[in-house]
Amino acid sequence: MKNREIADIFDKMANILEFKGEMPFKVNAYRKAAQVLRGMTKDVSEMDEKGLVKIQGIGEKLAKKIVEYVTTDKLRKYEELKKEVPEGVIELMEIPGLGPRTVKLLYEKAGVENISLLKKAIDGGILASLPRMGDKTVEKIKRGIALYESMTGRTPVGEALPIAEELIRKVKEGADVARIIYAGSLRRFKETVGDIDILAVSENGAKAVDFFVSLPEVKEILAHGDTKGSVILKEKNIQVDFRVVQRESFGAALQYFTGSKQHNIHLRTIAREKGLKISEYGIFKGSRKIGGEEEEDIYRILGMQFIPPEMREDRGEIELAQKNQLPEVVDLRDIKGDLHIHSKYSDGSATITELRKSAEDMGYEYIAVTDHSPSQRIAHGVSPEDLKRKLQEIREINQKPGPLVLYGTEVDILKDGSLDYLEEILKEFDIVVAAIHSGFKDSEDVMTRRVIRAIENPYVDIIAHPTGRLIGEREPYKVNIDAVIVAARKHDKALEINSYYKRLDLNDLNVRKAVEAGVKLSIATDAHQLDQLAFIQFGVGVARRGWVIPDLVVNTWSFDKLRAWVLSHRKRGG
Ligand code: DGT
Ligand code: CA
Ligand code: CA
């Protein structure tokens, strides 16, 4: 969607303006507009200037710019700004922890104008000698570079998926394709994807490829043949590989291009042992093709269960499928509710009534509205007085038919591991999610103690985003996750799989550890806007990658079972 393309440009413009020392209100107007654009569900290309100005956060000037980009695919002002600063400097501002002001200092005092010069300045000790640059800051910048580089060329799954879905929709509409699907790491729901792989069946492959590479989203064509087109998109510079195959090899091609590479290599070895051969064209006995139109053919003929794409990482899934012992992993359809959502009572943008309506549309039986506690000042933690109003509102809402709204909180775990509400307040909640939002730099011992003390608290049911990482932006805090898992098991508490696509926390490997220990999990979105309730699919993706069965997931349970579980903690006193 144009919205995201424009939002990215506005953010870059804000950076450049700030770097140039422009007035803060100008800079902030661009940042604010970018944020608004990202939160919108309506496509700006379908709006005119008048409609745009009506949106809060978009003034007349910015509305004009949006229209300009929609109609000309360019923004003159942005092109001009780009010429005023070196390209490398614009990239430097993308590094976590390196805002425009620090970059300006580095540029002016040390001539740092790209990442490689920055690294040299760090290694040569030049950086540490600059004003306002202690060893600690330099360390932080070093970690920021490492995070940035681990992401370069990779896109979070939550950003790649809507892009892929939109491209598929357009190809379906405009080209003659009988089948079309995304494959690769995206279909495996890996947390970041290197590129998007799309596979289609068409009677007229060359024409379908022509159509694909000519889409307006395309910035650059890397390859353009009769059966394959590779392009770079304007949005995020993400690469997309589009392949057209024959109807009779669709299944084999889908299996092949879904990967992972390691999974496929292992399958090929098994095929060879059986005197068979698999390729993107089919499964063969000698020169005779014995299957490949459907993906299921491959696994069946190899003598194993069908393996869900998310599990195809060669982490033992093939051995289990051969023994018919593959776990039946949780599915989106199993989810009965969302136990971590923010409303207007704290920093969410929706009312409880609006949230309930969306939950109903999603077919949920219940949702928990879990606003922040008071120590989260920036996030407008809810005061004890406002909690009374909130509880009253929820009781009234629950009188009307619809999903049950649970009175919840995301309470802060304080420095010493105690909670940010007193017991008499905590005991009123239907469900308590506890989380760390401060002291990220504390030692592993301190952090682990904090989390475990929270787990031991009888009022805590779920630990939210247990490691605190933000993909490409912030490392996890130091916490001994094995010890946390042991404590969660002992006290029968759940660990969250936070589905916000920059968190995905616990990650797939930690989820797998939790599953092996028999620890319960909550797959929740941490939604701050209505449309973020749909992020649940990313959490389910992580859960499937971690081999989670539905029984372990507390929000696949009926409300009665959930309620009994919560009460059991309080009864046991821990
Ligand atoms: P990515 O894009 O880096 O996130 O990861 P993938 O898994 O999407 O990798 P990609 O796009 O390079 O290739 C898509 C799939 O195609 C990959 O998962 C497996 C298959 N594939 C590609 N190249 C090879 C190869 O050289 N050998 C094998 N066995 N499979 C390959
Ligand atoms: Ca890929
Ligand atoms: Ca690829």
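Just follow the structure's listing: the first ligand is 1, and inside any ligand the first atom is 1.
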Considering only heavy atoms of [X], which atoms of ligand 1 have at least one such atom less than 4.0 Å away?
X: R268; value: 29 (N)
X: G184; value: 8 (O)
X: V193; value: 4 (O)
X: G194; value: 1 (P), 2 (O), 3 (O), 4 (O)
X: R188; value: 7 (O), 18 (O)

Looking at [atom], what's its closest protein heavy atom, distance included?
atom: atom 25 (C) of ligand 1; answer: K261 CE, 3.6 Å
atom: atom 14 (C) of ligand 1; answer: F257 O, 3.5 Å
atom: atom 31 (C) of ligand 1; answer: Y256 OH, 3.6 Å
atom: atom 12 (O) of ligand 1; answer: D195 OD1, 5.0 Å
atom: atom 17 (C) of ligand 1; answer: G259 CA, 3.9 Å

Between the main-chain N or O of G229 and the side-chain N or O of R243, is there a donor-acceptor pair closer than 3.5 Å? no

Within a reach of under 6.0 Å around [atom1] of [X], are more than 12 heavy atoms found that belong to other residues, nucleotides or ligands?
X: E203; atom1: CD; result: no
X: K234; atom1: NZ; result: yes
X: E87; atom1: CD; result: no
X: R489; atom1: CZ; result: no
X: K32; atom1: NZ; result: no
X: Y78; atom1: OH; result: yes
X: E328; atom1: CD; result: no

Looking only at heavy atoms, is any part of T258 under 4.0 Å from ligand 1, and if so is it the side chain, the backbone, or both, or is it neither? backbone

The single option from K236, K2, R31 that satisfies salt bridge (Lys or Arg N to Asp or Glu O under 4.0 Å) with D8 is K236

4.0 Å protein heavy-atom contact status of atom 3 (O) of ligand 1, strictly under: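 So atom 3 (O) of ligand 1 has protein heavy-atom neighbours under 4.0 Å.
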
Can you find an N/O atom of S185 closer than 3.5 Å to an N/O atom of ligand 1?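 Yes, since at least one N or O of S185 sits under 3.5 Å from an N or O of ligand 1.
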
Between ligand 1 and R154, is the shortest N or O to N or O distance under 3.5 Å?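 Looking only at distances, the answer is yes, because the N/O contact criterion of under 3.5 Å is met.
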
Looking only at N, O or S atoms in D241, which is nearest to the Ca ion (ligand 3)?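 Distance check against the Ca ion (ligand 3) picks out OD2 in D241.
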
From the N, O or S atoms in D197, identify the one nearest to the Ca ion (ligand 3).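 Among the N, O or S atoms of D197, the one closest to the Ca ion (ligand 3) is OD1.
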
Do any of the N/O/S atoms of D195, backbone or side chain, fall under 3.0 Å from the Ca ion (ligand 2)? yes

Measuring from atom 10 (P) of ligand 1, which candidate in D197, I196, L186 has the nearest non-hydrogen atom? D197

In terms of relative ring orientation, are H342 and H528 parallel, tilted or perpendicular, with 30° and 60° separating the classes? parallel

Check if K190 has a non-hydrogen atom at a distance under 4.0 Å from any atom of ligand 1. no

Under 6.0 Å between ring centres, would you say that holds for Y500 and F538?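 No.
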
Check each of R545, K261, H263 against E313 using the side-chain hydrogen bond (donor to acceptor under 3.5 Å, both in side chains) test, and report the only one that passes.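 Testing each of R545, K261, H263 against E313, the sole residue satisfying side-chain hydrogen bond (donor to acceptor under 3.5 Å, both in side chains) is R545.
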
